[in-house]
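Sequence lines set the chain letters: A, B, ... in the order given, protein chains first and strands last, and positions in each chain run from 1. Treat the numbers as computed from the prediction; the structure is a model and nothing was measured.
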Number of protein chains: 2
Amino acid sequence: MATIGDVARVAGVSRSTVSHALSGKRSISTETKARIAAAIESLGYTANAGARALATSRSNIIGLMVPFIPEEFEPATMQYVLTVAHTAREHGYDVLMVTDREGVGGIDRITGSNLVDGVMVLDVRRHDSRIDHLRRAGSPAVLIGVPSDEPLIDTVDLDFEAAARSLIDHLADLGHRRVLFMTLPEVLFAQDLGYAWRFYDSALTHARSRGIALIPFAVSSEPNQVGHELDSALAEHPSATALLIHNDGALVDLPVALEARGISTPEDLSVVSIFPDQFGRMFRVPYTAVETSAAAVAERAVRMLVARIEDRDGPARLELLAPILVDRGSSGPISGRKSG
Amino acid sequence: MATIGDVARVAGVSRSTVSHALSGKRSISTETKARIAAAIESLGYTANAGARALATSRSNIIGLMVPFIPEEFEPATMQYVLTVAHTAREHGYDVLMVTDREGVGGIDRITGSNLVDGVMVLDVRRHDSRIDHLRRAGSPAVLIGVPSDEPLIDTVDLDFEAAARSLIDHLADLGHRRVLFMTLPEVLFAQDLGYAWRFYDSALTHARSRGIALIPFAVSSEPNQVGHELDSALAEHPSATALLIHNDGALVDLPVALEARGISTPEDLSVVSIFPDQFGRMFRVPYTAVETSAAAVAERAVRMLVARIEDRDGPARLELLAPILVDRGSSGPISGRKSG
DNA sequence: CTGAAAGCGCTTACAG
DNA sequence: CTGAAAGCGCTTACAG
């Protein structure tokens, strides 16, 4: 593999001149520049990443901590990962993917060794031990997901609390007073996932203030659980007139489950939801919903991290993306189910 | 950040002794070892990755080229990515994720700079320009997916040809002679994806040799296309008695589409398929099928790559995982549709 | 069992 | 506009 010394020799200049030609950090005569470019071309030279990292204390790599949560619906995660990778490249960074499997050790490893210039954490918990390690490491970092504690690290996410409020308002304005609430699998709450709890808590609180009785029931991630859970919920609460759903996996089967039960939307039951926009491109989800954009969040997160790497000072930022409600006509004024 | 010099000073030994204690490459007295360990602990020392890479010409990172194919069903891809990351860590490697967006430049960049010790390529095309770049770079590499050309690079994949044959045999043995074949979206064939073509070609060839008329029709990845395409196919070929499916996206909607048309499986129509095993854990797919395991393929791929990094000599290996047919009772002896 | 020293391939003050 | 040299933090022959 050619080194900068080889390039220098072929071009008939010093190594420092080659280095400066590469970085553009000082002006080089056009003629010299051309000779260097030719040498680089003919030798197929690419700067050694390790040497450059050692000399500059910059690897141009960002670490991405991805969750390993078997219960979680994966298409959305993939969307985050791909967008992070794309956006990072646009800023000159590569992405090192580290899974949660190692636990917190992964963070210590990649920050302690200076392997990465910054770290991005997906699926942040309300109390997330990774935050401590990040702070102790002193590494630039961005959280995707909002923890409970005071925000000491840059954070981006959809505003799940505003999303819950807007969906509740939507139903309240239509006159609904008893609403079933299909939540994420309990395992995810047990994992203390920020977005799960924030949506949940906020929905319950806001429903109370709007005079809505909100009745939560969880649906696990096994295929085909929707029907059973729905039957119990409907049987126990025959007077419910609407259904609020925060459960990607269950959403796929819901249209069928409702149809099989002869329940029309919105005539018999108003249905509103929240799910990743990209999800709607894959499946038939004919419901009025807040569409979350993994791509938008990931893009913002990369920009924040890059900004933080380039300027480590300044207070932590919290950026919450405003929810967008897409009306698909699956909700209507209160009416009452045929069976009710 | 503490350096190896700091550790040496605190432990009262030379830097080379610390280095050897870390690598275990020569024996160190128990007492010295303990002092070094204590120093490392108290300083929170982690070796600088760039310096180590520069000194050893090894980064302990493998590059993973992931496809950016919007039409492709993502859950399976995520499974590959996660398993690669896990398995790599077990072998002491981190994973740098590079997307196809940069095209072939990504390969040149990460190999040329010695950023990675080896490269793994997902979604290999029949004629894949990345193979040339890999060979020219001389970097250890493993393909996931089988190209058309002579195998010059280690390759792993499910044996899609054997899978097609076993599904065709299964139907032929049951007496079916006219079989509809729901294929992947045309875009994926246009992308020249190896697994798409290998399954397709092999199914057609083997069907002919078994006296089956196999009638292919593609279904795009937009939600809800299955019904329409199925209607046309059934109308055009009323005498077809079975359906072979290679299309993950379409599979989700198929049970509903069939039910809506009053078609029972296997009474009216035998249905067999091929899909990722993990897919069956997310959705209801009640069909006899070859279950592909992204995890198994990814694991093998990492092992091959690690072996190749540690020993660059020896001929390229081709490893095809044998298909496993899971019988779910969705196929039966030929009978003829009600409507037929 | 341990140490002194060279070297990996860059970047960047410093000097001209 | 250009060069000589020091230094980044490791590893590894070489020597004892």
Original post:
Roughly how many Å is it from NZ in B:Lys33 to C1' in C:dC1, rounded to a whole number?
Top reply: 11 Å
**OP:** Return yes if some donor-acceptor pair links the side-chain N/O of A:Arg308 with the main-chain N/O of A:Asp313 below 3.5 Å, else return no.
**Re:** yes
Subject >> Partner residues of A:Glu299 under the salt bridge (Lys or Arg N to Asp or Glu O under 4.0 Å) criterion, sequence neighbours left out >> reply: A:Arg303
Original post:
Just by modelled atom types, is the B:Arg317 backbone N or O under 3.5 Å from a matching donor or acceptor in the B:Asp154 side chain?
Top reply: yes
Original post:
Does B:Thr3 offer a backbone N or O that forms a donor-acceptor pair with the side chain of B:Asp6 under 3.5 Å?
Top reply: yes
Subject >> Interface with DNA chain D, restricted to residues 7-26 of chain A and to heavy atoms under 4.0 Å >> reply: A:Val13, A:Ser14, A:Arg15, A:Ser16, A:Thr17, A:Arg26
**OP:** Would you mind reading off the distance between B:Asn48 atom CG and C:dG9 atom P, rounded to a whole angstrom?
**Re:** 17 Å
Original post:
Atom CG of B:Leu115 and atom C1' of C:dC8: how far apart are they, to the nearest Å?
Top reply: 16 Å
Subject >> Rounded distance (Å) that lies between atom C1' of C:dC1 and atom CD of B:Glu31 >> reply: 12 Å
Original post:
Of the candidate nucleotides D:dT11, C:dT2, C:dG9, which contains the atom at the shortest distance from the side chain of B:Ile4?
Top reply: D:dT11
Original post:
Whole Å only: how far is the CZ atom of A:Arg58 from the C1' atom of C:dG9?
Top reply: 19 Å
Original post:
Once you round it to whole Å, what is the distance between P of D:dG9 and CZ of B:Arg52?
Top reply: 14 Å
Original post:
Which of the following nucleotides, D:dC10, C:dG9, C:dT2, is nearest to the side chain of B:Ser29?
Top reply: C:dT2
Original post:
Checking all strands, does A:Thr32 fall into the base, sugar-phosphate, or nothing category for heavy-atom contacts under 4.0 angstrom?
Top reply: sugar-phosphate
Subject >> Donor-acceptor contact present, side-chain B:Thr87 to main-chain B:Val84, <3.5 Å >> reply: no
**OP:** Please determine if a side-chain N or O atom of A:Ser57 lies less than 4.0 Å away from the OP1 or OP2 oxygen of D:dC8.
**Re:** no
Original post:
Counting just side-chain N and O atoms, does B:Thr56 come under 4.0 Å of either OP1 or OP2 of D:dC10?
Top reply: no
Original post:
What is the distance from CD1 of B:Ile40 to P of D:dC10, rounded to the nearest Å?
Top reply: 10 Å
**OP:** May I ask you to say what B:Leu54 touches in the nucleic acid, namely base, sugar-phosphate or nothing, with a heavy-atom cut-off under 4.0 Å?
**Re:** base
Original post:
Are any side-chain N or O atoms of B:Arg35 and backbone N or O atoms of B:Ala11, one a donor and one an acceptor, separated by less than 3.5 Å?
Top reply: yes
Original post:
Judged by atom type as modelled, is there a donor-acceptor pair below 3.5 Å linking the side chain of A:Asn48 to the main-chain atoms of B:Leu54?
Top reply: no
Original post:
When you measure from the side chain of B:Arg198 to the backbone N and O of B:Ala196, does any donor-acceptor pair fall under 3.5 Å?
Top reply: no
Original post:
Is there a donor-acceptor contact under 3.5 Å from the side chain of A:Arg15 to the main chain of A:Ala8?
Top reply: no
Subject >> Length of the CE-C1' vector between B:Met1 and D:dG7, whole Å >> reply: 19 Å
Subject >> Strand DNA chain D in bracket notation, Watson-Crick/G-U under 3.5 Å with | for pairs to another chain >> reply: |||.||||||||.|||
